[in-house]
Undergrad: 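The structure is given below, and queries will be raised subsequently.
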Number of protein chains: 2
Amino acid sequence: MKPSTSIQDYLKRIYELTENGQPASTNDLARELNVKPASVTGMIQKLAAEKPALVEYQKHQGVTLTAAGKRAALEVIRHHRLIETWLVQTLGYSWDEVHEEAERLEHVISEDFERRIAAALGHPLRDPHGELIPTADLKMPLDESTPLSALRKNQSGKILCIKSADADLLRHLNELGLTPNTSIEVVDYSPFDHNLTVTAGKRTSVLGLNITGRIFVEKK
Amino acid sequence: MKPSTSIQDYLKRIYELTENGQPASTNDLARELNVKPASVTGMIQKLAAEKPALVEYQKHQGVTLTAAGKRAALEVIRHHRLIETWLVQTLGYSWDEVHEEAERLEHVISEDFERRIAAALGHPLRDPHGELIPTADLKMPLDESTPLSALRKNQSGKILCIKSADADLLRHLNELGLTPNTSIEVVDYSPFDHNLTVTAGKRTSVLGLNITGRIFVEKK
DNA sequence: AAAATGATTTAGGTAAGACTAAATTTTACA
DNA sequence: TGTAAAATTTAGTCTTACCTAAATCATTTT
Ligand SMILES: [Mn+2]
Ligand SMILES: [Mn+2]
Ligand SMILES: [Mn+2]
Ligand SMILES: [Mn+2]
């Protein structure tokens, strides 16, 4: 049985929050899902009681995904990222407009629709933000990127991915020329505020940690 | 506030059932919506109590749409038919595959998405089944078609529209060459069973009322 | 006109998924 | 090591949209 829209969103957020290896906390999930912590506890208990269980859960210890939960999460993430790519390629959406639309479409498309857009797009590896698209058999490709915030003076790389759904930030980065596939060089580092001065194309920008932590690069 | 998926489906069905000028009955709605009559009564009472009311309702007398209800219904129908057209044009769906997918997508696309596919398709007037697409300002164009069942021996016309969501029937008609824009001639009429013998392209078929009542033509 | 039939409505429930308020557990730190 | 703060869970409600069973209404048939 296909999980409900709500459940799909919970699993997706749990996947994202546990990518660092730590269990996802009730509060973090509540914030990401725009829901109260009490509601999260209720849903988590339900997901843990499903057969097969979709999450591993111990009171007060946070949640992680089981194999079944991870599969369901990757299914939604694949939908989301293929749809974003599709909207940009065929309907002229810009990268700051696609997320909201994909957030709703991801839950209602058929597996047939998924196959058709994947084929029409030539089985893309990344979405418009550079995020990796899970494969058709629901494996997440290995992510070999480094956060820009880890680079120091005179190091350089190529932008692979912007990890943000904030439309304003995405528009801002677009204006600074900081988009996937752009080559970038760090020309200065300020140790106290962690600001990086970077050059991309002809432009030079000073970026705070809130930005450099969301830009992921392939180190040269 | 945008109506829920359920409400949108109710309004759409009420629109279809009242196209003949008669109010829609509780039982007919229940059948179309795959829901029990008691549930229909409950929902109808809710829709009549909305401000502004979406339906006009008197106990035991059936239900009709108010202006607000009709607008909401045409919005969903426009989505549905544009999506069907788009799936056929850009993803190679066949006309018997699109309905199910559109039935889910129609409720979640944005007005922006609607505008984009309408523009990308060149503002089409009809969907893949030949059904008229409501305009952007939510008017249903005048339907000047005649049911094939009203034609008699030696009369001819051009197929405008197939009014059916039955995938098997659509595939069958496809094989008989009975698709929109095809010219058709009635070569025989059997008064007792209302069968029509028709020629379309090189093929001749004998069609019962269940089919001829769903094929709509422009009389020559 | 009464009775039977069919359509519709009412009454009372269920399930999902949210919420608030109160209780409890964990963690932080004085 | 005890307390205060923060995080989490529990308990009890609410809304939406469905269900079944029983009651009522409307239409037909006798
Ligand atoms: Mn996104
Ligand atoms: Mn979503
Ligand atoms: Mn359709
Ligand atoms: Mn629908």
Side-chain angles (χ1 to χ4, degrees), chain A residues 1-14 17-18 20 22-65 69 72-73 76 103-104 106-108, chain B residues 1-14 17-18 20 22-65 69 72-73 76 103-104 106-108:
Chain A
M1 197 60 205
K2 187 186 169 190
S4 69
T5 293
S6 267
I7 291 177
Q8 288 182 18
D9 280 337
Y10 273 87
L11 295 174
K12 193 170 57 161
R13 297 308 172 203
I14 295 169
L17 289 170
T18 55
N20 60 9
Q22 297 292 114
S25 78
T26 301
N27 264 3
D28 287 356
L29 273 170
R31 182 174 29 73
E32 293 296 318
L33 290 162
N34 296 307
V35 133
K36 302 297 171 192
S39 306
V40 171
T41 300
M43 179 60 95
I44 280 172
Q45 290 175 343
K46 197 176 93 169
L47 298 181
E50 300 257 298
K51 297 184 308 187
L54 296 170
V55 303
E56 186 70 46
Y57 165 66
Q58 307 221 97
K59 270 187 200 177
H60 298 96
Q61 304 306 132
V63 273
T64 55
L65 294 174
V76 189
E103 198 63 39
R104 283 173 280 110
E106 64 187 4
H107 306 293
V108 304
Chain B
M1 198 59 204
K2 187 185 169 189
S4 69
T5 294
S6 267
I7 290 178
Q8 288 182 18
D9 280 337
Y10 272 87
L11 295 174
K12 193 170 59 162
R13 297 307 172 202
I14 295 169
L17 288 171
T18 54
N20 61 10
Q22 298 293 113
S25 78
T26 301
N27 264 4
D28 287 355
L29 273 170
R31 181 174 29 72
E32 293 296 319
L33 290 162
N34 297 307
V35 133
K36 302 298 170 190
S39 306
V40 172
T41 300
M43 179 60 96
I44 280 172
Q45 290 175 342
K46 196 177 93 168
L47 297 180
E50 300 258 297
K51 297 183 309 185
L54 296 171
V55 304
E56 186 70 47
Y57 164 66
Q58 307 222 96
K59 271 187 201 176
H60 298 98
Q61 303 307 131
V63 71
T64 56
L65 294 174
V76 189
E103 198 64 38
R104 283 173 280 109
E106 64 187 5
H107 306 292
V108 305

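The basis for the numbers below is simple: all heavy atoms, side chains too, and nothing from hydrogens, waters or symmetry mates. Keep in mind the model is a prediction, meaning the values are calculated, not measured. Letters A, B, ... mirror the listed sequences (proteins, then strands); counts begin at 1.
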Undergrad: Distance check needed: D:dA6 P versus A:D28 CG, whole Å only.
TA: 16 Å

Undergrad: When the distance from NZ of B:K36 to C1' of D:dA21 is rounded to whole Å, what number comes out?
TA: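 In whole Å, D:dA21 C1' lies 13 Å from B:K36 NZ.
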
Undergrad: One pair to check against side-chain contact (heavy atoms from CB on, under 4.5 Å): B:I7 and B:H107. What are the steps and the verdict?
TA: CA-CA 10 Å; B:I7 290 178; B:H107 306 292; over 6 Å; no

Undergrad: Can you tell me how far P of C:dA7 sits from CG of B:L29, to the nearest Å?
TA: 14 Å

Undergrad: Of the listed nucleotides (D:dC18, D:dT9, C:dC19), which one gets closest to any side-chain atom of B:M43?
TA: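 Closest nucleotide to the B:M43 side chain: D:dC18.
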
Undergrad: Indicate yes or no for a side-chain donor-acceptor contact from B:Q8 to the backbone of B:P3 under 3.5 Å, with no hydrogens or angles considered.
TA: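 Yes: the side chain of B:Q8 pairs with the backbone of B:P3.
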
Undergrad: Would you tell me if any nitrogen or oxygen in the side chain of A:Y10 comes within less than 4.0 Å of OP1 or OP2 on C:dA16?
TA: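 It does not, given that no N or O in the side chain of A:Y10 lies less than 4.0 Å from OP1 or OP2 of C:dA16.
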
Undergrad: Would you kindly give the CG-to-P distance between A:L11 and C:dG17, to the nearest whole Å?
TA: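 So the two atoms are 11 Å apart, to the nearest Å.
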
Undergrad: Checking side-chain contact (heavy atoms from CB on, under 4.5 Å) for the pair A:Y10/A:V63: CA distance, chi angles, key distance, verdict?
TA: CA-CA 11 Å; A:Y10 273 87; A:V63 273; over 6 Å; no

Undergrad: In terms of side-chain heavy atoms of A:A38, which of C:dG17, D:dA11, D:dC19 is nearest?
TA: D:dA11

Undergrad: Can you measure A:Q58 atom CD to D:dA7 atom C1' for me and round it to whole angstrom units?
TA: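 These atoms are roughly 17 Å apart.
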
Undergrad: Within the pair B:S6 and D:dT16, is there a side-chain N or O less than 4.0 Å away from OP1 or OP2?
TA: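 B:S6 to D:dT16 OP1/OP2: no side-chain N or O under 4.0 Å.
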
Undergrad: Let me spell it out: for each of A:S4 and B:T26, pick the nucleotide of DNA chain C with the closest heavy atom. Which residue's pick is nearer the 5' end?
TA: B:T26

Undergrad: Would one find a side-chain N or O of B:Y57 under 4.0 angstrom from OP1 or OP2 of C:dT8?
TA: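 It does not, given that no N or O in the side chain of B:Y57 lies less than 4.0 Å from OP1 or OP2 of C:dT8.
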
Undergrad: Tell me whether the OP1 or OP2 atom of D:dA6 has a side-chain N or O from A:N27 closer than 4.0 Å.
TA: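 For D:dA6, neither OP1 nor OP2 has a side-chain N or O of A:N27 closer than 4.0 Å.
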
Undergrad: Could you check which of D:dC18, D:dT8, C:dT9 has an atom nearest any side-chain atom of B:T41?
TA: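 Per side-chain heavy atoms of B:T41, the pick is C:dT9.
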
Undergrad: Students often get this wrong, so: under 4.0 angstrom with heavy atoms, is A:V35 touching a base, only sugar-phosphate, or nothing?
TA: sugar-phosphate

Undergrad: Could you work out which one of C:dT9, C:dG17, C:dT25 sits closest to the side chain of A:H60?
TA: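 Comparing C:dT9, C:dG17, C:dT25 against the side chain of A:H60, the answer is C:dT25.
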
Undergrad: Tell me, yes or no, whether the heavy-atom count around B:E56 atom CD, taken from other residues, nucleotides or ligands under 6.0 Å, exceeds 12.
TA: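 It does not: B:E56 CD has 12 such atoms or fewer within range.
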
Undergrad: Rounded to whole Å, please give me the gap between NZ in A:K46 and C1' in C:dG17.
TA: 7 Å

Undergrad: Ignoring the backbone of B:Q45, work out which of D:dC19, D:dT10, C:dT10 is nearest its side chain.
TA: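 My answer, after comparing the listed nucleotides, is C:dT10.
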
Undergrad: B:K59 has an atom NZ; how far is it from atom C1' of D:dA26, in whole Å?
TA: 14 Å

Undergrad: With a 4.0 Å cut-off, would you call A:K12 and A:E103 a salt bridge?
TA: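 Counted as a salt bridge, because a side-chain N and a carboxylate O are separated by less than 4.0 Å.
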
Undergrad: Measure CD1/A:I44 against P/C:dA16 and give the value in whole Å, please.
TA: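 Checked: the CD1 to P distance equals 17 Å.
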
Undergrad: Starting at the 5' end of DNA chain C, which residue's closest nucleotide do you reach first, B:S39 or A:N34?
TA: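 Nearest-nucleotide comparison on DNA chain C picks B:S39.
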
